[in-house]
**Student:** 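Just dropping this structure here.
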Amino acid sequence: MLIKPGSTVSLKKYDPADTGPYASAEAAEEALQKQLGELSRLQNLLYAENRHALLIVLQGMDTSGKDGTIRHVMAGLSPLGVQVKAFKVPTEEELGHDFLCRVHKEVPRHGYVGIFNRSHYEDVLVVRVHGLVPRKVWKNRFEQINQFEKILVKNNVIILKFFLHISKAEQKLRLEQRLADPTRYWKFSMPDIKERKYWSAYRKAYEDALSLCSTKWAPWHIVPANHKWYRNLIVAETIVEALRGLNMQFPPPSVDPSKVKID
């Protein structure tokens, strides 16, 4: 769901279990594979034309599927033209700069697809929920983020921002599944349990970020994410639509192919 700029977002109006016209993963499989095939073709064109960059921002509550989206939707892309950055707790060095410094240097170059697993939005989310900076500081960051993204777009960076929307009950189920599967123990951490106590605070913080930072140059998309297969389909469809809209063309040859003779 595209968030219209200027809208006031209330997440309770969006069903995280929605699956659109599809009744099951099997029913959506053909559509998903079609989108993934087209995405691979368009990435090749993006790389060859070398005029635009694509930045994909993935945000969501813990267990919402940021890693899974990268693994499944981007699986068919050439790794030569993709860079993934997972933003974690800032280092001492990073804290010595403005909050966008570490983000700006990870923006993909023209021809590339960049994927942010978490992003600059953590600086209006976690810092707000846990009181890491004064209210005046994080409130000013909304407009700073908007201007930062506007600069990128004016320099041919296409920004697609996805909020992966899951329910609290679904998060509980996913955390329990990690505890029940020895091959997934490594994904479980006690801080995830502690963060559940702040669910309402994070929800409010996300609503403000979605409302204040969905702009005409970089709008937010709310993706129902309780069903992983539908999440993947919506993200893939949105990326394909954006890349098609660039009307990209393969560059002309640098020489006349008919006059080249290879011995």
Side-chain angles (χ1 to χ4, degrees), residues 1-20 57-70 86-90 95 99 103 116-146 149 160-180 184 187-215 218-228 230-231 234-235:
M1 173 68 71
L2 177 69
I3 302 303
K4 183 179 179 181
S7 301
T8 299
V9 174
S10 174
L11 286 173
K12 67 181 180 181
K13 295 181 180 179
Y14 299 89
D15 181 6
D18 184 30
T19 58
V57 175
L58 299 175
Q59 289 283 164
M61 300 286 198
D62 292 331
T63 78
S64 60
K66 296 177 288 294
D67 292 343
T69 300
I70 296 170
F87 287 96
K88 301 183 183 299
V89 177
L95 288 172
F99 79 101
V103 177
F116 285 178
N117 184 338
R118 302 188 186 275
S119 67
H120 42 299
Y121 282 94
E122 294 299 297
D123 288 288
V124 292
L125 295 167
V126 66
V127 300
R128 169 181 174 173
V129 171
H130 290 285
L132 302 180
V133 299
R135 176 182 176 87
K136 181 180 179 180
V137 172
W138 60 254
K139 282 194 70 175
N140 287 336
R141 287 176 176 174
F142 291 118
E143 183 55 28
Q144 292 166 6
I145 286 173
N146 289 341
E149 293 177 349
L160 295 178
K161 302 183 299 193
F162 298 100
F163 172 67
L164 307 182
H165 185 30
I166 64 168
S167 65
K168 192 175 184 180
E170 178 64 20
Q171 185 192 67
K172 179 177 184 293
L173 176 62
R174 294 182 183 184
L175 289 170
E176 289 173 341
Q177 288 173 339
R178 290 178 182 180
L179 285 173
R184 300 174 70 191
K187 297 188 71 175
F188 182 83
S189 68
M190 285 307 297
D192 290 343
I193 302 298
K194 295 178 180 178
E195 288 295 275
R196 273 178 63 82
K197 299 177 182 179
Y198 301 96
W199 181 275
S200 295
Y202 272 112
R203 189 181 180 97
K204 174 57 180 170
Y206 266 115
E207 288 175 339
D208 285 350
L210 296 169
S211 299
L212 297 172
C213 295
S214 193
T215 59
W220 273 102
H221 300 262
I222 296 180
V223 180
N226 273 15
H227 298 280
K228 299 173 183 179
Y230 189 63
R231 172 202 72 201
I234 294 300
V235 171

**Student:** So, do I234 and F162 sit near enough that their side-chain heavy atoms are less than 4.5 Å apart?
**Tutor:** no
**Student:** Within the distance-only criterion (no hydrogens, no angle test), does the side chain of R128 pair as donor or acceptor with the backbone N or O of W138 below 3.5 angstrom?
**Tutor:** no
**Student:** Is a side-chain N or O of Y14 found less than 3.5 angstrom from the main chain of P224, in a donor-acceptor match?
**Tutor:**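 It does not hold such a pair.
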**Student:** Assess whether a salt bridge exists between R118 and D62, defined as any Lys/Arg side-chain N lying under 4.0 Å from an Asp/Glu carboxylate O.
**Tutor:**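 Counted as a salt bridge, because a side-chain N and a carboxylate O are separated by less than 4.0 Å.
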**Student:** Return the orientation label for the F163 and Y206 ring planes: parallel under 30°, perpendicular over 60°, tilted otherwise.
**Tutor:**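 Aromatic pair F163/Y206 classed tilted.
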**Student:** Can you tell me how far CG of L95 sits from CG of L132, rounded to the nearest 0.5 angstrom?
**Tutor:** 9.5 Å
**Student:** Kindly say whether the aromatic ring centers of H130 and Y198 come within a distance under 6.0 Å.
**Tutor:**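 Close enough - the centres of the two rings lie under 6.0 Å apart.
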**Student:** Between L11 and L210, is there a side-chain heavy-atom distance shorter than 4.5 Å?
**Tutor:**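 They are in side-chain contact.
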**Student:** Out of curiosity, K172 NZ to S167 OG, how far, rounded to the nearest 0.5 Å?
**Tutor:**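 The NZ atom of K172 sits 11.5 Å away from the OG atom of S167.
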**Student:** Grab the two heavy atoms, one from E149 and one from A218, that are nearest each other, plus how far apart they are.
**Tutor:** OE1-CB, 3.5 Å
**Student:** Could you measure the distance from the CD atom of E207 to the CZ atom of R203? Nearest 0.5 Å is fine.
**Tutor:** 6.0 Å
**Student:** Please give me the minimum heavy-atom distance between Q171 and T63, naming the atom from each residue.
**Tutor:**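 Closest heavy-atom pair between Q171 and T63: CG-OG1, 3.2 Å.
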**Student:** Do S119 and K161 have side-chain heavy atoms sitting under 4.5 Å apart?
**Tutor:** no
**Student:** How long is the straight-line distance from CH2 of W220 back to OG1 of T215, given to the nearest 0.5 Å?
**Tutor:**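 Rounded to the nearest 0.5 Å, the OG1-CH2 separation comes to 10.5 Å.
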**Student:** Drop me the distance from L173's CG to N226's CG, to the nearest 0.5 angstrom.
**Tutor:**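 One gets 9.0 Å once the value is rounded to the nearest 0.5 Å.
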**Student:** Is the shortest heavy-atom distance from the side chain of V126 to the side chain of Y202 under 4.5 Å?
**Tutor:** yes
**Student:** Decide if atom NZ of K4 counts as having more than 12 heavy atoms of other residues, nucleotides or ligands within a radius under 6.0 Å.
**Tutor:**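 No, because the 6.0 Å sphere around NZ of K4 holds 12 heavy atoms or fewer from other groups.
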**Student:** Could you tell me whether the side chain of I166 reaches within less than 4.5 Å of the side chain of R174, counting heavy atoms only?
**Tutor:** yes
**Student:** Do D192 and R178 touch side chain to side chain, with heavy atoms closer than 4.5 Å?
**Tutor:**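 When only atoms from C-beta onward are counted, R178 and D192 do touch, with a gap below 4.5 Å.
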**Student:** Have a look at Q59 and tell me which of E122, H120, K66 forms a side-chain hydrogen bond (donor to acceptor under 3.5 Å, both in side chains) with it.
**Tutor:**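 The option that passes is E122.
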**Student:** To the closest 0.5 Å, what do you measure between CG (L58) and CG (D67)?
**Tutor:** 9.0 Å
**Student:** Under the 3.5 angstrom rule, does the side chain of S211 hit a backbone N or O of V9 as a donor-acceptor pair?
**Tutor:**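 Yes, because the side chain of S211 sits within donor-acceptor range (under 3.5 Å) of the backbone of V9.
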**Student:** Any non-hydrogen side-chain atom of I3 less than 4.5 Å from a side-chain atom of P219?
**Tutor:**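 No, side chains not in contact.
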**Student:** Measure the shortest side-chain to side-chain distance between V124 and D208 over non-hydrogen atoms and say whether it is less than 4.5 angstrom.
**Tutor:** no
